[in-house]
Each structure stands twice: as C-alpha cells, then as structure tokens.
Student: 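Have a look at this one.
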There are 2 protein chains.
Amino acid sequence: MAYRETPAVRMRLDAARERLVTEATAVVAEVGWAGASVGAVAAAAGMSAGSVYQHFASKTALAVEVFRRAAGREVEVLGAVLRDGAGDAVARLACGVEVFARRAFERRGLAYALLAAPADEAVCAERLEFRRRYRALFAEVVREGTAAGLLPPQDPEVTAAALTGAVGEVLVDPLAVPSGDAAAEALLAELTAMALRCAGAGTVKGTARPGGNDDR
Amino acid sequence: MAYRETPAVRMRLDAARERLVTEATAVVAEVGWAGASVGAVAAAAGMSAGSVYQHFASKTALAVEVFRRAAGREVEVLGAVLRDGAGDAVARLACGVEVFARRAFERRGLAYALLAAPADEAVCAERLEFRRRYRALFAEVVREGTAAGLLPPQDPEVTAAALTGAVGEVLVDPLAVPSGDAAAEALLAELTAMALRCAGAGTVKGTARPGGNDDR
DNA sequence: ACAAGAAGTGAACCACGGTTCAGACCTTGC
DNA sequence: GCAAGGTCTGAACCGTGGTTCACTTCTTGT
C-alpha cells in the first residue's frame, strides 16, 4: 500500500465535518428544516452535495446531528442551572426558566427550529426525546422543592411536563415575530413568575410569610 | 342544455364530500398526517384518487379542512365551558382543562394528530392559529379571574399561552402510550391542579381562606 | 331514446429532492 | 516519478406521491 491516512488529513476531514454541522445549523436557523436541502447546506459549507455523504449516511442523519448538538447545549445549560446552580430549588427553577428563555431570544431562529418549526419524522422524534430530558431536569428540581417543603405536594412529572410545554408555548410567538428588548424583558419576568406559580412556589401554608407575596 | 344540477345530485355530492372529510379524519387519527396519502384517504371514503380533486383543490386543502373541523369542535367545546359554563372563573378554568383533557383521551389518535403529530407546513400553520384561539379563550377567563380578585395580577396572555402549552405537553406522552383508566384519572386531577396553580388560584392574600388549601 | 354535459375512474405524468457514481483530482510511501 | 488508494465533484438517477386527463359511466331535459 502507498497511502495511509495521515493526521493532517484526519484533521482536514474532521474540520470539514465540523464546518458542515455548523453551517447546516445556521441554514436551519435561517430557513427552517424544510428549506435546508442537501444542496443548500453543502453550498453553505463550501462543498458539493456529494461530499455531504462522506460525513453522513443521509440527510436525516445530518439533521439529527444538528438537532442533537444544538438541543444538547441547551439541556446542558439548563441542567447546570437547575442541578448545580446556587440557591434553593425555587430560586434555581426561576433562574433556569429565565436563562432558557434568554438564550432562546438570543438565537431566535435556532430556538424556533428546535422548539416548533415543521420538521421530518426523525427530527420530531429527537424533539420528543429532548423534551423528555427537559422534563427530567424540571422534575428533579420540583421533587427537591417539595421535599424541602418549598413546594406543595404534586406529581413532579406532570409539573415538569407542564413547565416544558408552557415555556415553549409562551416563547413560540415572540420568537416568530421580532419585538423590542423592553417587551422581551417584561415577558421574561412574567414567564418566570408563571413558572413559579405553576410549581406552587409561595403557597405552602407553614412556610409562607404572612404578609409577603411574590409580586414586586 | 340538457343537464342541470338537481337537488338530489347536489345532496349526493355534498354527502360524498362529507364522507371524504370524515374518513380522512379517521385515517389521520389512525396513521397520522404523513401516512394519510391521497390514495389511502380516497380508498377509505370509497372513491378514486381522482375524485378527491372534485371536492378539494389539493391534498393540502383537504388536510386543512380536516384539521379545522376537528380542532374547531374542540375550540367550541372549550369556549362553551370557559365562557358560558357555570361557576366563577376559577371553577370554569378547572372544568375547561378537565373537559379538554378528557375529550383528548376519548379520541387519542385524533388528539395526537391535532396536538403533536408531524405534519406539513399548512397544517402546522393551522395548528398555530388554533393554539392562538385556545389562548384567547384562556386569556379571557384569566382576565375575568384577576378582575374578580380570584387570581393575582398577571399578564393573561402569558398565562393563557402557558396553559395551552402545559396542557398539550402533559397530554402528548400519555396519548402516545396507552394507559389504564385509573392512571388517566389521576393524571386529570394533577393536570387541573397544576392549571389552577399556574393561574395562581388560591394565592390572593385578602380572599384566601386561612386554613383552606387546594390539595385533597 | 337521445344529446349534452357532469361525475367518476385510475393509469400515466411529473416535480422534487435525496442519493449515487464514474471520473477528476490529491495525498502518501517508495 | 509513480502506483495505490483516498477525497471531491456534480450531473444523472430514481423513488415517492400529488396531480392530471382521456375515457367511461351516469344524470337530466326534451
């Protein structure tokens, strides 16, 4: 034999694959899953349509990878706040919802693609899977909150699903139509307040401070 | 001329169109939007693929009609409970959520298709529109609740969106995997309790009865 | 009964976009 | 420089499923 893969080649290959995923993510954020054809994505990454298949077995596989990368980042960030953040369970819940929403606003196109944009079967399945992960994170913090007496008795799984759906639904419309920063901030405040109500923060009889209420 | 549309013909035509919509709905409930090809739907309605185009300009138009009919019924039922039902705003909200969820469980396949199943652009757009209607109904009852002092101050639109998303998300998984009646009833109870918390029922300081709490 | 014209059929048509592949071009070890 | 074996290209291929259309079958007024 007279040819063997050299580190330099491996690196070029990996870089190309990386660029493909990155550019595909950008295209999806821009035009949605439906508009992200193999040709368009390849062009964005500066390669031919055929070369895409050097890195991924199918367009679906690429789409799934794009989704996993982007959604995985969000799961990680949310987990970091909810699980390893500072403060009690209620404080971390509020912080988690706010961080999640804030990040969504910073990358509207991508957030919309991840949350709501029409997608094919495989991506929808992935969406379901990641929603399950969001739910698991929320459920954990709710469970901790009830155990600590900060939240009233409830099924943490139901509340977690509700939080996931509620946050997503509240964000979908604002993400679709651009709005001002002030409006976004107001929305964030309302959203976190809603999330706390949803979990029942501030309604536990023994712990509730007599005159204190959660509105500012 | 020697042929003119007679009432009998009109009636047959209308009946055929009706049967088409009905059967298409059944097919969609069974196999989802993706599996509901023109051929399959036509066969279910006892007509040829070509005849579908006698009644609808395109497959998309038929899909939209199917969605509107089914979703429209739900909007009407929810509106009847939330707007014209008995009891105060909080009672009607609880009742509305429960009725909505109960109806979803009675027609799982259809409910799943309306709420979450992968669908093409046009149907997704329709979904967005109907979610807006659900939101409007919830927002109205929340607004009434805050005005009556039953609910704390809040942005009714945000809470309404949250309720819509929360109910949908909580239902998606249970709708996909069949479960027992007992589990379904328990879920309903948790779901309505969560909805009331989400709107802040029972947290208003002046009105709250000292010892009373909303857990049973 | 018959002509006019609509409803109904289903096989052929076609657009679309993912996928393939024969050839061009590179990289490597000798 | 050269052979071996890789990467890269983009035009051609192809499966899918919505849509069309020539034709058949019915319905209606005379």
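Only this structure's heavy atoms are used, side chains among them; waters, hydrogens and symmetry mates stay out. Just so we're on the same page: letters track the sequence lines, and every chain starts at 1.
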Student: Could you check how far CG of A/L20 sits from P of D/dT9, rounded to whole Å?
Tutor: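 My rounded result for the distance is 12 Å.
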
Student: Round to the nearest Å and state the distance from B/E5 atom CD to D/dG29 atom C1'.
Tutor: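 In whole Å, D/dG29 C1' and B/E5 CD are 15 Å from each other.
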
Student: Would you kindly give the CE-to-C1' distance between A/M47 and D/dC8, to the nearest whole Å?
Tutor: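 After rounding, the reported distance stands at 10 Å.
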
Student: Reckon A/S51 touches a base, only the sugar-phosphate, or nothing at all at heavy-atom distances under 4.0 Å?
Tutor: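 The answer is base, as A/S51 lies within the cut-off (heavy atoms under 4.0 Å) of a base atom.
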
Student: Rounded to the Å, how far apart are A/Y53 OH and D/dG6 C1'?
Tutor: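 Going from OH in A/Y53 over to C1' in D/dG6 covers 21 Å.
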
Student: Quick one: which of D/dT9, C/dA7, D/dT28 gets closest to the side chain of B/T6?
Tutor: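 Among the listed nucleotides, the one closest to the side chain of B/T6 is D/dT28.
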
Student: Can A/T164 and B/E169 be counted as having a side-chain donor-acceptor contact under 3.5 angstrom?
Tutor: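 Their side chains do not contain a donor-acceptor pair, so the 3.5 Å distance test is not met.
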
Student: With a sphere of 6.0 Å drawn around CD of B/E76, does it hold more than 12 non-hydrogen atoms of other residues, nucleotides or ligands?
Tutor: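 No, not enclosed.
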
Student: Relative to the 5' end of DNA chain D, which residue comes earlier, A/R12 or B/G50, by the nucleotide with the nearest heavy atom?
Tutor: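 On the 5' side of the pair lies A/R12.
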
Student: Quick one: is the NZ or CZ of A/R133 closer than 6.0 Å to the six-membered ring centre of A/F130, and within 45° of its axis?
Tutor: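 That pair qualifies as a cation-pi contact.
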
Student: Looking at side-chain heavy atoms only, is the closest gap between A/F138 and A/L82 below 4.5 Å?
Tutor: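 When only atoms from C-beta onward are counted, A/L82 and A/F138 do touch, with a gap below 4.5 Å.
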
Student: Rounded to whole angstroms, how far apart are CZ on A/R4 and C1' on C/dT27?
Tutor: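 Atom CZ in A/R4 sits about 14 Å away from atom C1' in C/dT27.
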
Student: Could you tell me how far apart B/Q54 (CD) and C/dA7 (P) are, to the nearest whole angstrom?
Tutor: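 After rounding, the gap between these two atoms is 5 Å.
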
Student: Under 4.0 Å between any heavy atoms, over every strand shown, what does A/T60 touch: base, sugar-phosphate, or nothing? Just pick one.
Tutor: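 Answer is nothing: A/T60 stays at 4.0 Å or more from every strand.
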
Student: Quickly work out the A/Y3 OH to D/dA4 P distance and round it to whole Å.
Tutor: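 To the nearest whole Å, that distance equals 16 Å.
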
Student: Nearest whole Å is fine: how far is C/dT9 C1' from B/H55 NE2?
Tutor: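 It works out to 13 Å between those atoms.
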
